[in-house]
Structures are given as structure tokens and as C-alpha cells.
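A, B, ... follow the sequence lines: proteins, then strands. Residue 1 opens every chain. What's counted below: heavy atoms across the whole structure, side chains too, no hydrogens, waters or symmetry copies. All of these numbers come straight from a predicted model, not from anything done at the bench.
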There are 8 protein chains.
Amino acid sequence: MDSKKSIKKLLEDLGRKKITAQKAYALLRDLPYKDLNFARLDHHRVLRKGFGEAVYCEGKSPGHVKKILEEILKRNAHCLFTRASKSLYEYLKKFHSGLKYNEQARIIYTRKEKPRNKKRVLILAAGTSDIPVAEEARLTLQIMGNRVKALYDVGVAGIHRLFDRLPDISRANVIIVVAGMEGALASVVAGLTDKPVIAVPTSVGYGASFKGIAPLLTMLNCCAPGVSVVNIDNGFGAGYFASLINK
Amino acid sequence: MDSKKSIKKLLEDLGRKKITAQKAYALLRDLPYKDLNFARLDHHRVLRKGFGEAVYCEGKSPGHVKKILEEILKRNAHCLFTRASKSLYEYLKKFHSGLKYNEQARIIYTRKEKPRNKKRVLILAAGTSDIPVAEEARLTLQIMGNRVKALYDVGVAGIHRLFDRLPDISRANVIIVVAGMEGALASVVAGLTDKPVIAVPTSVGYGASFKGIAPLLTMLNCCAPGVSVVNIDNGFGAGYFASLINK
Amino acid sequence: MDSKKSIKKLLEDLGRKKITAQKAYALLRDLPYKDLNFARLDHHRVLRKGFGEAVYCEGKSPGHVKKILEEILKRNAHCLFTRASKSLYEYLKKFHSGLKYNEQARIIYTRKEKPRNKKRVLILAAGTSDIPVAEEARLTLQIMGNRVKALYDVGVAGIHRLFDRLPDISRANVIIVVAGMEGALASVVAGLTDKPVIAVPTSVGYGASFKGIAPLLTMLNCCAPGVSVVNIDNGFGAGYFASLINK
Amino acid sequence: MDSKKSIKKLLEDLGRKKITAQKAYALLRDLPYKDLNFARLDHHRVLRKGFGEAVYCEGKSPGHVKKILEEILKRNAHCLFTRASKSLYEYLKKFHSGLKYNEQARIIYTRKEKPRNKKRVLILAAGTSDIPVAEEARLTLQIMGNRVKALYDVGVAGIHRLFDRLPDISRANVIIVVAGMEGALASVVAGLTDKPVIAVPTSVGYGASFKGIAPLLTMLNCCAPGVSVVNIDNGFGAGYFASLINK
Amino acid sequence: MDSKKSIKKLLEDLGRKKITAQKAYALLRDLPYKDLNFARLDHHRVLRKGFGEAVYCEGKSPGHVKKILEEILKRNAHCLFTRASKSLYEYLKKFHSGLKYNEQARIIYTRKEKPRNKKRVLILAAGTSDIPVAEEARLTLQIMGNRVKALYDVGVAGIHRLFDRLPDISRANVIIVVAGMEGALASVVAGLTDKPVIAVPTSVGYGASFKGIAPLLTMLNCCAPGVSVVNIDNGFGAGYFASLINK
Amino acid sequence: MDSKKSIKKLLEDLGRKKITAQKAYALLRDLPYKDLNFARLDHHRVLRKGFGEAVYCEGKSPGHVKKILEEILKRNAHCLFTRASKSLYEYLKKFHSGLKYNEQARIIYTRKEKPRNKKRVLILAAGTSDIPVAEEARLTLQIMGNRVKALYDVGVAGIHRLFDRLPDISRANVIIVVAGMEGALASVVAGLTDKPVIAVPTSVGYGASFKGIAPLLTMLNCCAPGVSVVNIDNGFGAGYFASLINK
Amino acid sequence: MDSKKSIKKLLEDLGRKKITAQKAYALLRDLPYKDLNFARLDHHRVLRKGFGEAVYCEGKSPGHVKKILEEILKRNAHCLFTRASKSLYEYLKKFHSGLKYNEQARIIYTRKEKPRNKKRVLILAAGTSDIPVAEEARLTLQIMGNRVKALYDVGVAGIHRLFDRLPDISRANVIIVVAGMEGALASVVAGLTDKPVIAVPTSVGYGASFKGIAPLLTMLNCCAPGVSVVNIDNGFGAGYFASLINK
Amino acid sequence: MDSKKSIKKLLEDLGRKKITAQKAYALLRDLPYKDLNFARLDHHRVLRKGFGEAVYCEGKSPGHVKKILEEILKRNAHCLFTRASKSLYEYLKKFHSGLKYNEQARIIYTRKEKPRNKKRVLILAAGTSDIPVAEEARLTLQIMGNRVKALYDVGVAGIHRLFDRLPDISRANVIIVVAGMEGALASVVAGLTDKPVIAVPTSVGYGASFKGIAPLLTMLNCCAPGVSVVNIDNGFGAGYFASLINK
């Protein structure tokens, strides 16, 4: 079916002159999105990005989220709703009994994808308080079909706890480092591996950590190459980015 | 030879009990670094990270850089010196005639590695003034053995200049977006591709761009998933990170 | 009547020597404002600015707002109270049954002015969470007598949702862009139109969006010319400014 | 001729089904831009935005600017190069004798457009040191075909200097306020007029003016409605935006 | 009595050799302060500074405040407790029936001092929401024995409301300007008077006012000389400082 | 003569109905300022503020300063040009031999006014590097006719150097404290006196002093009441403000 | 027993070749930490750092804290849980009746160590509101076995309250200064002693104290040498650091 | 001799009533400082702090420094002038041939004190570019009579370079960590030792290191206890503080 043809293929075909401009335009015009008035659901994202639209719930009313959810479920087996409160989940569950919820990760979802390959993403969290952000990354990765291993409380203040895990580090294909306070873990890990390290600063800390600015700057200024950074507390973003690499 | 055995393998062997603790410790103790008194060259980085140590030249005297260079060339065919002025290059060339220099990228190097595979890294720079940072990324990638395509001046103010290049975007395996001023290009590109996007904010701009803070924040808050960010003007870091993914 | 004569005309007459200095001074002295002790109502603003005083409710007691409202309704058919809570509206409605309330926009008002011309203001909001600010702009424009069209959830992460609306963009006389997170929508829109674009950063986002600083900086540094910016979350200010242009 | 048909018209025609998708796509594909390798000149901006591309010179080599200039002059009678040093002008003048230069505004241009209408833009600068930014705005407006009046040194510290100019304020169609230090002039002017006020903070000042942050914040928080703000020192942006309104 | 002799006089006497070093030291050693373990009451401040210690209540337990109050009332007829909640007042009133409370100013006190002279302090507040801070200044001045006149809602957005009050401005000996949002009132007032202007930025505003940073910077960068600034929302500090000048 | 009548008197007369509105308007219209095109000299400031306009030289061309100087000298015996370089002075001296220059204070002036009374302003500078700012304050005070005593290098790191000067502190009528680095001197001095303390943060320091932000914040948060603050390095502003109090 | 041998001794023995590499590696591998899945308890910290792991409670669930506590009590007589709420204490007390709680310091602990020597740590707090942070430092020091004296409310606004305590200052071996608002106390104390001064900025204050940034900057820029700084409100960190020095 | 008696002893004697108040006052009055008009030399600092006044040269004229130097050398065998340029040294050497200069540390001094004990201070610098700050600390320590060992280029990116130095770490009595970029070294070192760690952030780095803010925040938020921080680039301050501890 035309509507299932990926936009990526469409563009490639156009580039290689396999389809005419007229055809291309027609396809582009009919790209499947659904105007809910308060939201425009990007149905063809699954085509363009390889995964459907993840919905950020904070600041949306339960009614709006419900309508978006229904629209998504019409076309996808998957859904991924981030920053979802437990009460939102309980509201939605009444209508859609198949929904699952991970309270630490604050994610509502339908199912985890079976891993597509044997490559592993390793998540390292510096402290116990960083776990919710790490869990958001872990669950995102699993929903998107990746093997994940997560190790928590391996901060640099007791660096033997990290070094004990060197074999895990060397087996990983991509590494996510989650750390608040001063965020030094990313630098140490990046010095020990030749795999890409995705650093997630968290707002854990107090005083001059300024709700995550301190670890954000630490990670951006990482003296070891091979590190890139996502937004403060953005476990979803780190998981999504790692999944793109891990494919 | 033991000294060529990668640290990665060493750790894996240790993890799988293939080597004894005694052997492991001895190897670790003898890890090849060279103490130059003012610098400790990390010779085994080539083992651990798959590429030798890149040297950041800013703030180092020409004499120090020369000694570091000589120590590196004793063991490596490659060298990669970033933020190098033309006068530094001219000073070093007297002693090492094989050195090359790219003035825009401000990189001194010996040779580009032949690409290891057909995967391509695409570099998009928003404006003409972002080219030096983009060139630093491009040359880093080439030295590390990657195929690269770079397209400049494709900022969002004339978005058809970007859309004309959709086929290039869909063919890329990794994309680096270099942008100053408001840095919006990363968001638009990330919305069009299912490949990882590495965003490099530049200090190009004036007034409230605050030497790169504006595009840095833009990129960290990117509404499209699949983007991670490196330090302001850090073309080398983006190239290095992209190379890790592209392998 | 003299008291209805606009200050604009007064000053013009003075400039053209149509009235004497004495007359002018007398008129200036008698400019209609009402001292309520805790507030000085600027009755002649309707003369000077073409629209009566809009009242910002946050931080004012219901009793004070009630007195200000009564004073305004003595002379104006219109009123426009921004940042008004629902409970404030319910309190005031008891005394003034004709009041209307828009909960999303948080505006209390009496009536919308009939549009004075066919020119249209287009409001584009990047995400669902930006709607309250966009609604504040939309209602302000309608109360001041403008035709408005509002399109929501047209952020750059799925740019075909925006491009589908190019005809709306080309028909608009003024465009308001409302966006939080990284605020890149303003740059893209400004590159597609020759009409003035008024950008409103919102505090929607988390982490390094810093309650609106990220999109504020993005919009100030917009690489496309033709954009100006109002305060974070200031939907009223954007609507008011657009109305001045649209006249 | 097709190539002269404005993109605006194209999109309107498409919206009204006057042209086919095939035709539209063909036109879009052929949008005139010129790839100079280091820059992509946006020739159809004159169609889309009603004025050709203005070129920001800071950070571009004279050789690059020369090539861009030549490309522009092939198709336009106008050019507008901002942030241009005198030495750049002297270099370009050797090849293009018709170029003009305004040293205060730091603009290289070919000619001022004859005003299209009688509407006037008024520029008010708070202090003598704000004049270069004000001149950049003034000349931009003149090149784009607007009537302009500029009054300098009318800061609020001697407010009678401003009030003496009330007739000028009431005659203006759009007002640009340029101010550094504390930037209070915008608030006072906005309280006196029913015309849109475009505020330009300047980096004039010292200590806690933080190179323009102080007046930028002042202007964004302006208590009088009817003000919007452009980037620090962005006289060009203010002039361009005012010209869009004044048309 | 020695214990009533002011420290000022003591130091003067010492400077003029009227008293011996031995005597001076003895007096200094016996300076009256009371150690309450959790607080050291500075009883001789009334001698040194001409007014007893004002107590900042925020963050102190009611029990602690009660003990401090009792210690003060042993020696002073006056007390001045700032940032006091109504519930704190109601708690203290049970034990000390003579206490008074001003809810807007959030001050607990015993009595206002009769003005010592005819000089007047004028307080101008830009908006209705600035009144609490202005009231804190007004009451502080009255308790310290000053004549005060306060005019509210005289912001620069309707500058005729201010100009109508020029006679009040010219009659004042000291002027306090209280303003949030952009804080431009201080600049305008300072341009109209030859009396010292004390500017108090308030945290009133939203978005880019950053809880008072915007008016603070405005006031520090005031283009008219004759202005100095106190901390954000520090009505007490402004009143105290004005009282020192007004003596 | 009418033109010598102070604006203050004019407004008082108007308030007391001693003059008619017509007369008042005529006087206001004729307020003496001189339009030099690039500057509007505020001649009646001497009437309104008790001292002529002080001119800030930074960012003005020597030619402009010369014209302003000549215009001022037509009407005033005094002039006060701040932030003046030595070369500017040497340029101006050719035309006006009576000019004086103080290199530390960077002030060009004609003469110091004879003190009007016996009240003394005390200037305390914390370190040797703060002297230029302190000298700017001292000379401003002398030109405006005040007795001044200045004590330098009395920072809190060796507090006996300050305490040795207690008699000077107790004799002063107003105190200016000039301090960079951490700026703690203002707090200590304010605790020792019942006179108003004007604090001037300086940009002296390094690292986390952030060019004067550290002492600025220190002084704004001063725990002792009786302190107000001027802009960073603003010795002129402190001197001017102190002079207003000292009159 | 091997497992009780301190890591310090181990490393020293290794350095002095008293033990073989094999032995050292075996010991390092067996370093006692306990993986609780959500936390990795660092049991050998008591060996390495001379004191067991202090646990930061904020952001941990009571159940998690309970498990950590039990694991610690298996091996240590001591525990030190910081930022603990009263309700957490009441929950834990049900299971471990020997726990103690200090509500001001918000610390849960088992017992104070008997002082090991006669050296005294002096804690000076500037204001009554700084006491909780000071108490956190005091109790940390006592638990770690130090003699402590604490003096509260000795801020610089009434500096005789401090000077009265000079004998305490001269008797101390280490001094901790706790101060909010402007934090000037550290500078004054450092000028009076030859002992190390550890400065703790607190978030006490309002307006431009920015939740502790003001005293943090003050303390970092301290003009007297001999001062170092810990994080805002970090009483535990200051006490711990002082204990290391005092040993 | 009285003048050699330390202020510390004086205060203790006074506290223990060994000397009379009269005697104490006389001694305090005669505390040796020298008023050079532009500077007040604190001669008794050597008594009070155990080391004479260190002079910060930046911003002082060579003539002033010369006078201060001469005054110091009248009474001290030592001098310590920080932030001294080579040209300043060459100027001073003409008059005082015994002066020494360390160009990296930018310190002028007369001689190093012989170490008073066997305790060692270890300085660790993360990168080659941090050496100047580390050298300032090292030389300060040597001048003050401490044994010092300095190891450079031991950053966390190649952590085996640090671990190879564990014996040095365990032998140290105090450790200074000097690091720019992200400053993670302090956290790792503090996790490995039970000795106090003094962290010095440096301004080495670029982009989001913001001239030292990034490592400053990292170090303040250090997750391992036992770390305190001095100002950015303040090698002298770290050395001085370490020397106080090491005594």
C-alpha cells in the first residue's frame, strides 16, 4: 500500500528518479497525520523515523491524552507516553486494559519489542537517586527493541564499584551514563571504552548543582572524546538516541 | 605481542577467566604511557579507544607540542593536533616535513585513513561562518577513516536549500549539524531522518547568542528525538563521536 | 466633546498650531484618570492607545480587581483582564453577570469586537502544551477586533504538518509563533513569509529550557529577518502588538 | 515569466487549485538558489520575502564576500551587506565602483529605494553612543524604501527632550526605540503612542549592563503593551521588521 | 550613665583623647549584647546606629522570635519585626497585647515614632502589585520617625499619572521608587528631581523579569545620576536608608 | 530672569497656582536644551538637578565631545567629563587651555567647587586596585563642592587597619565604600555607623568575581541595614549620589 | 584479617613492594561492597577514607533507606544519614530502636565518637537562620570524634559580637564559617586567624542572594587567604572536611 | 620584645587575664602597619597569620609595587608577589638583585623556606594547560616551607595514569587537585584518599566551560566528601590553604 511506503524510500526513489515529481507530491500531500484540533498526530513518523510518535504527557489534560492514545492505537501496536503520572495511567487503563505502566520510569506503554540483535546497551547510573531517569532510558530502549543492562550506584566516589564492572563496559555496544551532582562519571567511563557514550545530566543534587546545570556543564566539557549529551533528566532522549545507534 | 593486545581484550579475557589476575595486573601496570614530565602520553589509548590520543594545542608552548608530537610519532603513523595555529604548524614542519595542515579546521595531521566501509557521515552547516567548525569535524572523520559529505549554508531561513538535499539526508548513516545563532537546524533535520543527529552549537552570532549559549540550549531542548549535543565549537568532538557510531 | 478628543489629535493639533498652548495644557491637566488609592486607572488610554487599559490580575486581591472593573465599566463597553483565575471570575460574575471567561486563555472580558477589516492574523503553536499562551493571544486579538486563525501542534519535528499549512501562511497579514522547548518554529516560519512574525517563547519544557530562556534566546537570535520577540508566556502582549500592526 | 512568479503566488495558486501538484513541484525544485560551495545564495528570497538576501559580513573572508556580492549583483539592483568594516568596503569598491558605504551603520549597499508610501518610521535613540545601531536601522529602512525620521539623545534622564518631540511620535506609523544602559525609553514611548514600538537593546553601558542584557530584559518586561524586541545591537533586524509593518 | 553613652560618642572621645584607652576598652568590652544561645541581641545598636535591631522573621521559629522580642522589649520601647506572617503575629499577641501588625507590610511593631522634622520622604510605586514592598518601606519610615507620602500605580506606561504628581516630587527630601517588571520608573523620576532616589526592584512580573533581576539591572544601569539601589523586594532596607538620609 | 528660574520653582508655583497654565506651558516649551543633531544638551539640568550635565565619554568621538564641551562652556563655568582617556584630554586641551585632567579618575573638568558646608564625605577603598574608582568618586564630590576624605587599602583581611580609622568613620556625614573581590567591607562599615553607606562594587578580582558580580551581590545582600548600591565601577554615580545627600 | 586491612595500607605495601602484584589484585578484586541492586554499598570506605559511607537521604524511598541502613549496621557501629526527615526517622526507629535523630541537623545516627584529641573545631554562624546548616556540621564532627564549639549569630553587622569571641578563635584548630545573605563573615574571620577556615554559604536570604549564590561568590573571592569553600548549605561536607584536617 | 609578640598570644593573654585591658589596647593601637597612602601594609600579619602579606600585582603600577616591596623587605626576609609579569620582575630586579622569579607561576619571591616537617603536599594537575596554576600552588607551598610533589597530566580520560600514582596519593598529607574543562579529577581523587583534597578549578577549556565555571561547579558538587574549593585559577590560595593544614 502506498500509505505504508516509507517517506525515506519515497525520497530515495525521488532522488533516483524512480518516481515522478507528481507522484512524489501526491504522496507528500497525503502523509498520514491526524488533526485532533489540539494536536496533529504524526502517523507517518513510524515511516520516517522507524518508530511512532512518543507523547510527552506533562501539561496535557487526561482527556487530551486519551484522544491522542486512541488515535495512535488505531494504527500502531506500540505506544510510548513519557512523564506520565500514576493517576493518568489509572484513568487511561479504564478504557484500554492492555496498557502497562512503569512507575519509576513514569512511562505508559503497550509492550516491549523483542530485541532485533545481540548488541547491548549498557546504562550506568551514578547514584540511587538517578535511577528514575535511568529507568526511563532503559524502558525506552526495551520498548524500541534493544537488549539493555543497567548498573546503578557506580559513581566515581568509590571507583572500584565501577572497575569491578569493566567486563560489562567492554561488552557494551553503546553506553548511557546517568549522573547528577557533579556528573564526573561520564568522563571516567569515556576514558575506558571505544564505544559512544551518551551522557544524561540529572537534576539530583542541591545548592550549586543548580537543578542539573553542574552535571550538564561537566558532561559538555568532558575531557575524554566520545561523549555527547542530552537534556537534563532526559532519560527518554538518551534511550531513543542509543536505540538509533544500536540498530 | 602482549603490548599490542588491546586493553579491551585484556578485560574481556579477565572477565572470562582466560587470564589470571596476576597476568592482568602485570599488564595493567605496564600500560604504555610516556611521562614527559609536563605531559603523560597515553600510548595505549589506541588500544583502548581504537584511535591514538588527539592533542589540544591551545595553551601549550610550541616546544611542548613538539616533544609530544615526537613521542607520538615514535609509535603511531597518525597524529591529530587540534586548535593549532598556522605558526605552530610552520614551526613543527621544520622538524617533521610530512605534517599536513588544514587552516580552516586548524588541524595538524599526518594522513587521512582510507574509509573502512561505505557508510557515510553527512555534515550540515547552517551558515558560512560555521564552516571552520564543520571542517574540524570533517577532517577528524577523514583522519579516522570515514566517508564524509559536507553541505554548507543550509540554514532554516531558506528551508528549500535544505529540502533540496533530502536525498543526501536519507543516504547518511550519521548526521552532524553545525549551527550558531539560534541553532534551529538540528530540530528540523532530526524531524526528517531516522539516523542519529549530533548537534554542534557554534559561537557564531552576536548579542543574545552569548557566544554559543543560545544554540547550545536550542539543541539540548530539541523537540525532535534523536539528537545529542557536544560542546560549543567542538567540531573535533562531534567528528570523533560520529566516527565511533559509524564504525 | 473635548473629553472624547483623542490625545493623539490633541498633540497633532498642537504640533500644527491648531490649538493654543493654554488649551493644550488644560486638556492635558484634565486627562481622565481615576485614583482608586491603590490604583490609578488610565481612562484616556483608550484615546491615546486606541484601546482601554488591560488589567493584569496576578497578585491583586479580588476586592481590588472588582473596584477596578467597576471603574472601567463606567466608561467602557470593553474590559480585558489577563491572568485571571476561574475563582476570580466566579467572584466577579456575581456582581457583573455579563462577564465572559475563557479558561485556557485565563481572560475575563465583556465582548469581542467585530473585525474592522479582512486582514487576518495567523497564530501557530508548536505543541499542545503551548495552547494556553496561544489562546491568550487569540482572544486578545478577537476582543480588539481582528480576524484570527489558529493552528496548533505544527512544530518543526514533523515539518510536513507545517508545510501542509503554507496557504494559511501566505494568506496571513501578521503571524504569531508560540513555541516552548527550543522554539525553532519562529525561524522556519520567518523564512517562508514576507509578513512580520511575532515570536512568543513559552515556559513549556524542562531541564535546560530554563522556564523559557531557551526559546527566548532562540527567537532573539533568529537567523531569518522579520522576527521580533515578546516576553516569555506573554500571549496578551503578542496579540496586542499584532493588533496594532493589523489595523 | 515563471521564474519571476512569486513563491507566495505559487502557494496561493496551489491552495486554490489553480495549478497542479506536478507544476508546483517543478517550480519548487527550480527555486533559484546558487551554490557557491561555501554559501548557497537564496535568490528567490526576493520573491518570497519581498527583498533579497541581506548578508552578514562578520566572520566571512573578503574573498567570500566578493563572490557572494557578484552573485547577488547578477540578479539584483540592490544589495545590503551588514557589519561591514571600512577595509572590506575599500576592497570591494575596487571591483564594483558603484558601491556605497555608511561607516556609522557599517553597511555596504548600492542604492536607497524611493519611498513607496507616505507612512513614516520614527527612530528614537536614547544616547549618543546608541547612534551606530540606530543608523543601521535607518539605512536599512531607506534601502528598503521607507520614509524615516531619526531623533537622537532623547533618553528618559531629561524627559522634556522627548516630550518636545510628541508631534513626531504621533505622526509616526511605526517607532523604533534604540537604547542601551537601562533601556527605559521603550516603556515611556510605548505609553505615549498607539503605534507598534520595536525595541533594540544596545551593548552600550558598563558594569551591570552586561553588554546589553540589562536593556534587553527591560524591554522584554516593558509594562506598556505594544512593544516587541529584537536582538542586542540588531539595528538591521529592527529596520527590516519595521519595513515589513510599514508596507 | 555609661551604658547609655553612645558608641559614637565613645569613639569620638577616644579620637579626641577625652577618655583613656583603658576606659575605652572597658566600655567596649561591656557593650550590651545578650546571648540567647541561638541569637546574640545587639542592644547597643540603638547607640551605634540610632535605632535598635530590626529582626528578620523568615526562617525563625515562633518560639525563637518570642524570646528575641522579650529581650528587646526589656530595653526598648520600639520593636520592628519584618517578614512576619499573620500567624506569627497572632501567636506573639497572646503574650504582648500592645503589638501592632500591618498585614501588607508584614511588619510587627509597637509604635510609630513622632516625626522629628518636616522633611518628607516620597514613595512612588509603579504598580498595584508593588504595594506590599512600598508599604514595608512606608511603615519602616514611620516607625523611625519620618513624614512619608506614598503614591501608588504611577508607572511609566501612563506617564501623565506621574507628571500630575510633579509638585509632590519637588516637595520631597528623599524619594523611594518601588517597581517590578522593567523598573523604568526610577530613571524617569531621577531625571526630574535633585533629591536622592532610592530604587527598590520588586519580584513582581513574569517570564524574563526573573523574579526581580530585570528591574534590578534596570535600576543599577539608570542613565540619570542620583539613584542607588537596594536588594529585590527590600522595602525595609529602602525605608531604613531613606531615614538615615532624612535625619 | 525667567530662564534662570528653576524648573523646581516653576512646578511649585504651578502647584500653588502662582502661575497660570499658559505661562507654565510656555516655560516648559522653552526649556533650554541644545540640539547638536547627534546630542541634545540638557542645559536646564543645572536648574532641575542643581548641577549641569555630566558627559560620559566612552564611545563618543573626540569631535563630538569637543562640540558638546563647547556648548556646555557657553553656559556653565563647570564641566565634568567621565571615562575620558588621556589622549582625549590632550586633544581638547588644545582648544580649551583651562581644562584639567585627573588620570586615575579619568575625569576632565574645569574646577572644583568650594565646599558649601563642613559636612564630610568619607571614601573607603578596600584595596589598592580599587583606587581609580574611588578617585572618580572623590573628584566628582570635590567638583560638586563637598569636603572629602579618602582612605585606601582598608579591606577586611586586616581589619585593624579599618578599626584604626573609627574616628574618621564617626566624623563622616556620608560614607562611600569601594570594594572589589568579595566586597565585604560595606557590611562591616555599615555595622559601625549610623550614616548612610553607598557601596560601589568594582570589577577588580579574577575568576569567580565575574568582573564585579560577586561584590555587587555581596553589597545588595548586606546584612547590616543602611547600605545602598550603585553600578559596578560607578565611582561617579556614588560621588554624585553622596553629594545629593550631603547638601 | 585481610578484609580488615586498610586499602591505604594495601597501597602503601604495594608501593614499598611488601606485597606482590598478585596479592594486591586479589585484595582489590575482593574489596567489600554490597550490591543491593538499587545501591552498591561501599563497605571498604571505612578502610579507605577512615569513616564509613554517609548516606544522603533526599530522593530515596524509606524502604530503600531501610535496606541500606541494615546493610551498614551489619558491619559498622556507626551510621550517618543526612538530609533525613523526621518521618523517615520515625519509620526507621520502629526497626532499629537505637537510632538517634537531630531535627535541626536532619541527621539520623547511632552514636557520637569520643574525641580522639584535644584539638578543637570552632563553628561560627552569621545568623540565627544559618543554625540548621551549622548544626549539620557540628553533629557530623561529633559523630566523627572531634571536639566542637559552636557560636551562633556573630555576623559582621555587629562586629563586636565577633570580637568578643577572639579567644575562641585563637584557640581553634580549624574554623568553619556558616553564612548566608552576603557571607562576609568568612573574610573577617580569615583575617584574624592563622588556622584554615572552611566557608559554607547558605541559601538563607532573599532577592539577589539567589538561594546562596551571593555568599558562595563572596567566599570564593575572599580577599584574605586561608579560606576554602564547600557547596551551598553543605554543613555535612564542611564538618567532614574539617574532621579530616583535625585528625 | 613587645612588637614581636604575636597578636594571637596577645589575645590569648587577654582572654586569660594575663595582661590588662590597657596594655592590650596600647598594643592593638600600635599594631605595625605602614600607610603608604595608596596602600596600608599589614606588617603584623606575619604575627597574626604566621606569614607576611602576599601581594597581588595585577592592576598595580610598577612604581607602587616597588614601594610596597621595599616596605616589606625592611621587616621580612620573605616576600611573595603573585600574578607578576616578567617585565615587572625585570623592573624590580634592577633595584633588588636578590629577587627570584618563576615565569610559569608568575611569582616574584626572595627565597623558599626549608621544610618544617616531613609531611608532604601532593599536587595533581589534570592537563598540561593547568600547569601554570599548579606551579603557583607549588611555589607558594615551597616558599612557606612545605615538602611538595607535583604530578601533571593525570586527568581522568586515561585513568591508569592516575592509578599508577596511587602510592603517591596514599603518602600525601594534603592533596591539591588542579583541573579545568570538566574538573572531574577532584571527585575521583577524593574517593581514593582519607586526606583533605583542595580543588582548584582553572579557566582552561572553551565553549561551555565558561572560563572555569564548569569545573568550579563540578568541584563544589563533588559526590565524594572531603573536598573543598578555592577560586578559579587561584593556585596561590590553594597552596596557602594547604600550608595552613600541613603545619
Side-chain angles (χ1 to χ4, degrees), chain F residues 86 102-106 123-136 138 148-169 178-185 202-215 217-218 232-233 235, chain H residues 7 10-11 25 27-49 52-61 63-65 67-68 71 82-83 133 180 200-203 210-213 215-217 219-220 229-238:
Chain F
K86 194 168 187 184
N102 179 317
E103 193 168 353
Q104 273 194 306
R106 291 199 288 159
I123 300 175
L124 299 167
T128 301
S129 310
D130 300 316
I131 293 179
V133 176
E135 283 290 294
E136 194 186 42
R138 194 183 56 74
V148 192
K149 176 152 196 180
L151 299 172
Y152 295 153
D153 204 21
V154 289
V156 300
I159 208 163
H160 66 288
R161 292 178 296 187
L162 173 64
F163 283 13
D164 187 54
R165 291 317 194 154
L166 280 173
D168 284 310
I169 289 175
V178 181
M181 302 184 93
E182 95 282 52
L185 182 60
T202 73
S203 55
V204 170
Y206 61 95
S209 82
F210 300 129
K211 297 189 184 284
I213 295 180
L217 295 184
T218 301
I232 297 164
D233 290 336
Chain H
I7 181 79
L10 165 69
L11 292 167
Y25 185 82
L27 290 172
L28 282 162
R29 193 191 52 209
D30 297 337
L31 279 176
Y33 78 81
K34 175 71 182 180
D35 191 344
L36 299 177
N37 213 28
F38 60 87
R40 285 159 195 265
L41 275 180
D42 187 358
H43 280 313
H44 82 111
R45 182 171 290 182
V46 70
L47 311 175
R48 203 171 70 241
K49 305 259 319 180
E53 190 163 18
V55 177
Y56 179 80
C57 296
E58 227 157 72
K60 294 197 177 74
S61 70
H64 279 184
V65 177
K67 283 184 195 152
I68 292 171
E71 197 55 40
T82 63
R83 307 279 164 125
V133 175
V200 193
T202 73
S203 55
F210 300 130
K211 298 187 183 282
I213 294 180
L216 172 62
L217 295 184
M219 289 162 168
L220 285 168
V229 186
V230 299
N231 199 356
I232 297 162
D233 290 336
N234 191 1
F236 163 72

Q) Roughly how far apart are Asn231(H) CG and Glu182(F) CD, rounded to 0.5 Å? A) 10.5 Å
Q: List for me each residue that meets side-chain hydrogen bond (donor to acceptor under 3.5 Å, both in side chains) alongside Lys86(F), sequence neighbours excluded, and say none if there are none.
A: none
Q | Exercise: identify the closest heavy-atom pair between Glu58(H) and Ser129(F) | A | O-OG, 3.7 Å
**Q.** Approximate separation, where rounding is to 0.5 Å, of Lys67(H) NZ and Thr128(F) OG1
**A.** 11.5 Å
Q: Please report the closest heavy-atom contact between Ala208(F) and Leu216(H), naming both atoms and the distance.
A: CB-CD2, 4.2 Å
Q | With sequence neighbours excluded, residues passing ring-ring contact (aromatic ring centres under 6.0 Å, His included) with Phe210(H) | A | none
